[in-house]
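One structure is given below, encoded as structure tokens.
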Amino acid sequence: MVRVSELQSHDGEAVTLRGWLYKARGKGKLLFLLLRDGSGICQCVVSKDSVSEASFAAAKALTQESSLVVEGTVKVDERAPGGVEVVAAKVDMLQKAEGYPITPKEHGIGFLMDHRHLWLRSKRQMAILRIRHRVLKSFRDYLDGDGFFCVDSPIFTPNACEGTSTLFETKYFDQTAYLTQSGQLYAEASAMALGKVYCFGPTFRAEKSKTRRHLTEFWMLEPEIAFANLEDVCDVAEKMLRYTLQQVLEHNRQDLADLEREPSLLEKWDCSFPRLQYEEAADLLLQWKEQGLYESEFQRGDDLGAPDETMLGQHFGCPVMVTHWPAAVKAFYMKQDGEGHALGVDIIAPTAGEIVGGAVREEDAEVLLQRIREHNLPEDAFQWYLDLRRYGSVPHGGFGIGLERTVSWITGVEHVRECIPFPRTLGRLSP
């Protein structure tokens, strides 16, 4: 038993494939079945003269998404889809699918999202999901190889990480709990134990946003590093992203082709990311606004909006790092430089906007307590977090990277709802 992705190494051998019918064509004595098995799509050639009557009848009766088993001989042929085909010797139909709702014709996005459980089977969606897997594997492989330990954070939390306005609140027995916005605070505790750690899991934001870059539930990987400064944080993020691009280029060429994504674009992004401070970015944006190159409400001191991120991405043509942000627009836990700047970094990727948000954390207990009070956060809920600064505090930092936005950037898929198997947005909770 082999998978479609393995066929190239079995030229001339007898194999068995199991999967579903993606598409069929042909008539008379020759049928061409496109079989998908999740790893790829393979053309199976069924000749009436080469199989039994029962096999040919089964092949002829197959409908879109019927499940089947094909036995045959592998033939490497550049003219075939994927460069290889199987000359069938036997075809068995396991189950005949009747009235599959997603036909080859055009369907609206609402219809497709209502049938997301079936839409995942399309060539485009399968390619996105395989690249999503590669991106996540690359994140973890890079960090594991650099001495990080995976120590995941809880989803139920007693307090907010970045303020309470975008939290999902829930009853937790006789207490109030929140679905986590970020695993960072707990990752900091883990880093004080193990030095270099990361957590990975779902995070939740209740902001009522309908943009193509927002989900209410998304997956985030968050490394945290003891004894790290801002340059260390930037270096880890850049190296991990470049490693990820390299891995996608090595392993997902066919998926990129299915998405009509030029590999040369990813190759171009595998470079040293430009690094500029917020004030430099603000100068550029205000200059472009004055020249009428784009429209934005941005003013110096503001956070960046989607149009501003898009302009920076287009200007540099690769991911760009923006550091030293106005402290007023950043979270309470970020260390400041004494001049009103938070020692944070955002990585802005072309077409996808911010994919990484990171910072050096404030390591002084008294300063951190004052910030908690300034943000009107409950002191009792953060006593454990303050303990990290009371017992062996060290400079440390880290970042969070959104999986779906990263996949959107690499694949060129415009909306992040296609970059997660079952999206949760402001207006969608099913399927």
Side-chain angles (χ1 to χ4, degrees), residues 113 116-117 132 135-136 139-140 150-191 197-224 303 329-334 344 346 353-359 361 368 371-372 375-388 398-408 415-431:
M113 278 298 171
R116 182 64 174 166
H117 52 295
R132 176 190 169 99
V135 169
L136 174 56
F139 287 172
R140 299 192 65 157
C150 180
V151 186
D152 287 320
S153 299
I155 291 175
F156 288 120
T157 66
N159 54 274
C161 178
E162 299 180 0
T164 58
S165 61
T166 61
L167 284 170
F168 284 106
E169 182 178 311
T170 183
K171 290 295 293 179
Y172 191 77
F173 301 108
D174 59 347
Q175 303 177 60
T176 296
Y178 305 95
L179 299 182
T180 185
Q181 299 168 311
S182 164
Q184 175 209 313
L185 304 189
Y186 294 94
E188 288 185 53
S190 299
V197 304
Y198 65 91
C199 61
F200 175 69
T203 53
F204 306 86
R205 301 290 171 95
E207 58 189 311
K208 295 183 178 180
S209 175
K210 293 182 179 180
T211 79
R212 64 184 180 87
R213 297 175 179 174
H214 284 85
L215 295 166
T216 55
E217 177 187 26
F218 60 98
W219 288 70
M220 187 156 62
L221 182 135
E222 298 175 90
E224 200 69 30
D303 202 353
V329 302
K330 289 300 182 181
F332 75 94
Y333 52 73
M334 290 190 183
D346 284 4
E354 179 196 342
I355 58 173
V356 169
R361 320 307 187 189
L368 185 60
R371 300 264 177 78
I372 289 171
H375 284 76
N376 297 315
L377 298 172
E379 292 182 34
D380 289 347
F382 286 96
Q383 287 306 310
W384 70 270
Y385 188 59
L386 289 164
D387 277 350
L388 305 181
F399 62 89
I401 180 164
L403 179 57
E404 288 76 26
R405 282 195 186 181
T406 305
V407 173
S408 170
H415 203 300
V416 292
R417 66 188 166 207
E418 290 187 59
C419 299
I420 187 170
F422 295 97
R424 295 294 177 255
T425 61
L426 184 58
R428 180 163 295 279
L429 190 57
S430 65

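In this chain, numbering begins with 1 at the start of the sequence shown.
Nearest heavy-atom pair, L215 versus F218, reported as atom, atom and distance to 0.1 Å: O-CD2, 3.9 Å. When all heavy atoms of D346 and G357 are compared, the closest pair comes out as OD1-CA, 3.7 Å. Minimum heavy-atom separation, L167 to L179: CD2-O, 3.9 Å. Listed here is the closest heavy atom pair of P202 and I155: CG-CD1, 3.6 Å. Smallest separation of non-hydrogen atoms from V151 and S190: CG1-OG, 3.2 Å. Closest non-hydrogen pair, C199 versus A187, comes out as SG-CB, 4.2 Å.
Listed for the R361 side chain is no donor-acceptor partner under 3.5 Å among the backbone atoms of L185. The closest donor-acceptor contact from the side chain of S408 to the backbone of E404 lies at 3.5 Å or more, if one exists at all. Side-chain N or O atoms of T166 include none that pairs as donor or acceptor with a backbone N or O of R205 at under 3.5 Å. Listed for the H415 side chain is a donor-acceptor partner under 3.5 Å among the backbone atoms of R417. Judged by distance alone, the side chain of R405 and the main-chain N or O of E354 form a donor-acceptor pair under 3.5 Å.
Taking 4.5 Å as the limit, every side-chain heavy atom of Y186 sits out of range of all side-chain heavy atoms of T180. The shortest distance between side-chain heavy atoms of F200 and C150 does not fall below 4.5 Å. A heavy-atom distance below 4.5 Å is not found between the side chains of R116 and R428. Side-chain contact between P423 and M113: present, with at least one pair of heavy atoms (C-beta onward) separated by less than 4.5 Å.
Taking CZ of F332 as the reference point, atom CG of L377 lies at 5.5 Å (rounded to 0.5 Å). The line from CG of L426 to NE2 of H214 is 11.5 Å long, rounded to the nearest 0.5 Å. Between atom SG of residue C419 and atom CZ of residue R212 there is a gap of 10.5 Å, rounded to the nearest 0.5 Å. The line from CG of L386 to CH2 of W384 is 10.0 Å long, rounded to the nearest 0.5 Å. Expressed to the nearest 0.5 Å, how far CD of Q181 lies from CE of M220 amounts to 9.0 Å.
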Any chance you could lay out the side-chain contact (heavy atoms from CB on, under 4.5 Å) test for Y333 and F382, step after step, and finish with the verdict? CA-CA 11 Å; Y333 52 73; F382 286 96; over 6 Å; no
Go through T203 and Q184 one step at a time and tell me if the side-chain contact (heavy atoms from CB on, under 4.5 Å) criterion holds. CA-CA 11 Å; T203 53; Q184 175 209 313; over 6 Å; no
Working note: T406 + F139, criterion side-chain contact (heavy atoms from CB on, under 4.5 Å); need CA distance, chi angles, decisive distance, verdict. CA-CA 11 Å; T406 305; F139 287 172; 3.9 Å; yes
Test F422 against R424 for side-chain contact (heavy atoms from CB on, under 4.5 Å), laying out the working first. CA-CA 7 Å; F422 295 97; R424 295 294 177 255; 4.3 Å; yes
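Aromatic ring pairs are classed by plane angle as parallel below 30°, tilted from 30° to 60° and perpendicular above 60°; the pair F204 and F168 is perpendicular.
Other residues, nucleotides and ligands contribute more than 12 heavy atoms inside 6.0 Å of the NZ atom of K171.
The side chain to side chain contact (heavy atoms under 4.5 Å, CB included) search around E379 returns L369, I372, R373, Q383, not counting sequence neighbours. Residues that satisfy the side chain to side chain contact (heavy atoms under 4.5 Å, CB included) test with Y172, not counting sequence neighbours, are F156, A177. Contacts of P421 classified as side chain to side chain contact (heavy atoms under 4.5 Å, CB included), with partners at least two apart in sequence or in another chain: L129, R132.
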